[in-house]
Amino acid sequence: MLSFRILHKDPNSLGREGVITTSRGLIKTPVFMPVGTAGTVKAVPHEFLEEMNTPIILGNTYHLYLRPGTGIIEKFGGLHNFISWNRPILTDSGGFQVFSHRKLRKLNENGVEFKSHLDGSTHFLSPEKSIEIQEILGSDIIMAFDECTPYPVSKPEAEDSMLLSMRWAQRCSESWKNRNSQTLFGIVQGGMFVDLRKQSIEKLEEIDLPGMALGGFSVGEPKNIMYEILEELGGYLPVEKPHYLMGVGTPVDIVQSVLRGIDMFDCVLPTRNARNGMLFTWNGPVRIKNAIHSMDDSPLDPKCGCPVCSRYSRAYLRHLFISGEILSYTLNSIHNLHFYSALMAKIRENIKAGTLNRFSQKLLESYQEEI
């Protein structure tokens, strides 16, 4: 079972430094969790994740259920053994993936019937089935099955969706058997309506799950709306539980969300952007394909201590990317994930020093360009 302890609070915001204790290791918060949807953080071998002190990665119920299938993973004794990762794993419930394929789904009170994006076969995912799959996977943190609210949507539709997710959260809690080895987080829904979000928090508090996630963001809404809602909810979330903002985001999003009380993040952005040639540095984003880098023998980021910046030039990284070399994906992804790891460490340092607002402003100045 997971435990969460707050170590320091930023005096000028809701930012807090803490530590999550699991049976497989400690997780310092605020933390960024690399996304390993199908049991792999794309293009990055696990030893590189371990070397950059990645404390936890994500897997996804929907994708792992479809391929390789729970039967294979169960024969290996769970996801940790199957992918050779001994540190904590969090699995998403599959709710967002079913939402993403909503043209191929049929939703009712019991759950969701959907067609596989792999072969078109029909499957049914319910709260009970999602928990059953996650128990087979053996992940350390499991998520309640929810219905992700799209944007834009009317308030009555958002309310109906949120209430359905809350009923499903109750069913997930009732189906949750491995309470000594797995920790279940509830997911706050309610679209972009603060009162519905607060109602969702209240209903999850009645169920009394150990962690509180915020879902339904980064679905097309303007950034300022997300920040405003987080501002409203920051002081409303239960202080003693970890707060997880799902699917977010950019470096600026992360710092702004920490200021509003968020402890945990995940996003495909660092690895997806890496494969598209967008690299993060302390001086802002770099598009490595640009011709300006073709003769540049300097490191990508002189302030970065990752193995990519310690060894390779911008010119070589550009050459790999322009040539379509597979190594480009790996080196770019290692650098971006290292940057995110260093970003979280800087955030924790500034919370402890009481200077998080100043750090946030400096980062914002470097990342004025939209990414």
Side-chain angles (χ1 to χ4, degrees), residues 7-8 15-20 22 24-37 40-59 83 85-90 140-141 242 244-259 262-275 278-286 299-312 317 329-353 356 359-360 362-363 366-367 371:
L7 303 177
H8 297 97
R16 67 246 190 109
E17 179 199 12
V19 61
I20 294 172
T22 75
R24 287 190 171 89
L26 301 179
I27 304 167
K28 296 178 182 179
T29 64
V31 63
F32 179 82
M33 304 177 287
V35 177
T37 300
T40 169
V41 177
K42 290 189 186 299
V44 182
H46 291 160
E47 52 264 38
F48 287 96
L49 296 171
E50 292 165 350
E51 287 170 8
M52 65 181 80
N53 296 318
T54 302
I56 179 172
I57 61 173
L58 268 70
I83 69 173
W85 177 260
N86 296 322
R87 299 179 185 184
I89 296 174
L90 181 152
D140 304 274
I141 299 175
Y244 168 25
L245 181 57
M246 306 180 75
V248 176
T250 69
V252 170
D253 286 343
I254 288 174
V255 178
Q256 289 297 315
S257 301
V258 169
L259 287 166
I262 301 299
D263 308 298
M264 302 169 68
F265 301 87
D266 81 280
C267 191
V268 299
L269 193 69
T271 48
R272 177 178 289 170
N273 278 20
R275 298 192 303 276
M278 169 72 81
L279 305 178
F280 298 95
T281 79
W282 291 107
N283 292 317
V286 169
L300 175 63
D301 187 349
K303 300 176 183 177
C304 178
C306 82
V308 178
C309 290
S310 300
R311 181 162 187 166
Y312 302 107
L317 294 177
Y329 291 174
T330 297
L331 295 183
N332 290 354
S333 298
I334 289 171
H335 168 79
N336 275 358
L337 289 173
H338 194 282
F339 176 86
Y340 267 63
S341 178
L343 173 67
M344 304 317 294
K346 289 278 190 185
I347 289 172
R348 294 192 295 269
E349 290 171 11
N350 280 275
I351 291 173
K352 191 173 181 178
L356 188 58
F359 175 76
S360 172
K362 287 179 64 178
L363 189 75
S366 297
Y367 278 85
I371 59 172

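In this text the structure is predicted, and so the values were computed from the model without any measurement. This chain uses plain numbering: 1 for the first residue, then up along the sequence. Just the heavy atoms: all of them, side chains too, but no hydrogens, waters or symmetry mates, feed the values below.
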What pairs with Thr330 under side-chain hydrogen bond (donor to acceptor under 3.5 Å, both in side chains), at least two apart in sequence or on another chain? none
Tell me, with the steps shown, if Ile57 and Ile83 meet side chain to side chain contact (heavy atoms under 4.5 Å, CB included). CA-CA 11 Å; Ile57 61 173; Ile83 69 173; 4.1 Å; yes
Min side-chain heavy-atom separation Lys346-Trp282 under 4.5 Å: yes
Does a sphere of radius 6.0 Å around CZ in Phe359 hold more than 12 heavy atoms from other residues, nucleotides or ligands, not counting ones at 6.0 Å or beyond? yes
Going by heavy atoms in the side chains, are Ile254 and Met344 under 4.5 Å from each other? yes
Does the pair Phe48 and Val41 meet the rule for a side chain to side chain contact (heavy atoms under 4.5 Å, CB included), with working shown? CA-CA 10 Å; Phe48 287 96; Val41 177; over 6 Å; no
Considering all heavy atoms of both residues, which atom of Leu300 and which atom of Leu279 are nearest to each other, and what is their separation? CD2-CD1, 3.5 Å
State which residues pass salt bridge (charged side-chain N to carboxylate O under 4.0 Å, His left out) with Arg16; sequence neighbours excluded, sorted by chain then number. Asp263
Derivation of the side chain to side chain contact (heavy atoms under 4.5 Å, CB included) call for Ile20 and Met264: CA-CA 10 Å; Ile20 294 172; Met264 302 169 68; 3.7 Å; yes
Among all residues two or more places apart in sequence or in another chain, which pass the side-chain hydrogen bond (donor to acceptor under 3.5 Å, both in side chains) test with Glu17? His8
Trace of the side chain to side chain contact (heavy atoms under 4.5 Å, CB included) decision for Leu49 with Trp85: CA-CA 10 Å; Leu49 296 171; Trp85 177 260; 3.9 Å; yes
List the atom of Pro30, the atom of Ile347, and the distance in Å for their closest heavy-atom pair. CG-CG2, 4.0 Å
Shortest non-hydrogen contact between Arg275 and Tyr329, atoms and distance: O-CE2, 3.6 Å
Can you tell me how the ring of Phe280 sits relative to the ring of Phe339, calling it parallel under 30°, perpendicular over 60° and tilted otherwise? parallel
Pairing residues for Asp253 by the side-chain hydrogen bond (donor to acceptor under 3.5 Å, both in side chains) criterion, not counting sequence neighbours: Lys223, Tyr227, Thr250
Rounded to the nearest 0.5 Å, how far apart are CG of Leu363 and CD of Gln256? 9.0 Å
Can you name the nearest heavy-atom pair linking Phe32 to Cys267, along with the distance? CZ-O, 3.3 Å
Just to verify, what does Asn350 make a side-chain hydrogen bond (donor to acceptor under 3.5 Å, both in side chains) with, not counting sequence neighbours? Thr355
The salt bridge (charged side-chain N to carboxylate O under 4.0 Å, His left out) partners of Arg24 (sequence neighbours excluded) come to Asp140
Any chance you could measure Met33, atom CE, to Ile141, atom CD1, to the nearest 0.5 Å? 6.5 Å
Are Arg348 and Leu7 close enough that some pair of their side-chain heavy atoms sits under 4.5 Å apart? no
Looking only at atom types and distance, does a side-chain atom of Asp301 sit under 3.5 Å from a main-chain N or O of Cys309, one as donor and one as acceptor? no
Where is the tightest heavy-atom contact between Pro88 and Pro55, given as atom of each residue plus distance? CD-O, 3.1 Å
Using modelled atom types and a 3.5 Å cut-off, is there a donor and acceptor pairing between side-chain atoms of Asn273 and backbone atoms of Asn332? no
Whether the side chain of Thr271 engages the backbone of Ser333 through a donor-acceptor N/O pair (distance < 3.5 Å, no angle test) should be reported. no
Under 3.5 Å, is there a donor-acceptor pair between the side chain of Ser310 and the main chain of Cys306? yes
Within the distance-only criterion (no hydrogens, no angle test), does the side chain of Asp266 pair as donor or acceptor with the backbone N or O of Val35 below 3.5 angstrom? no
For Ile334 and Pro307, work out which heavy atoms get closest and say how close. CG2-CG, 4.2 Å
Please check: side-chain N/O of Arg87 versus main-chain N/O of Thr54, any donor-acceptor pairing under 3.5 Å? yes
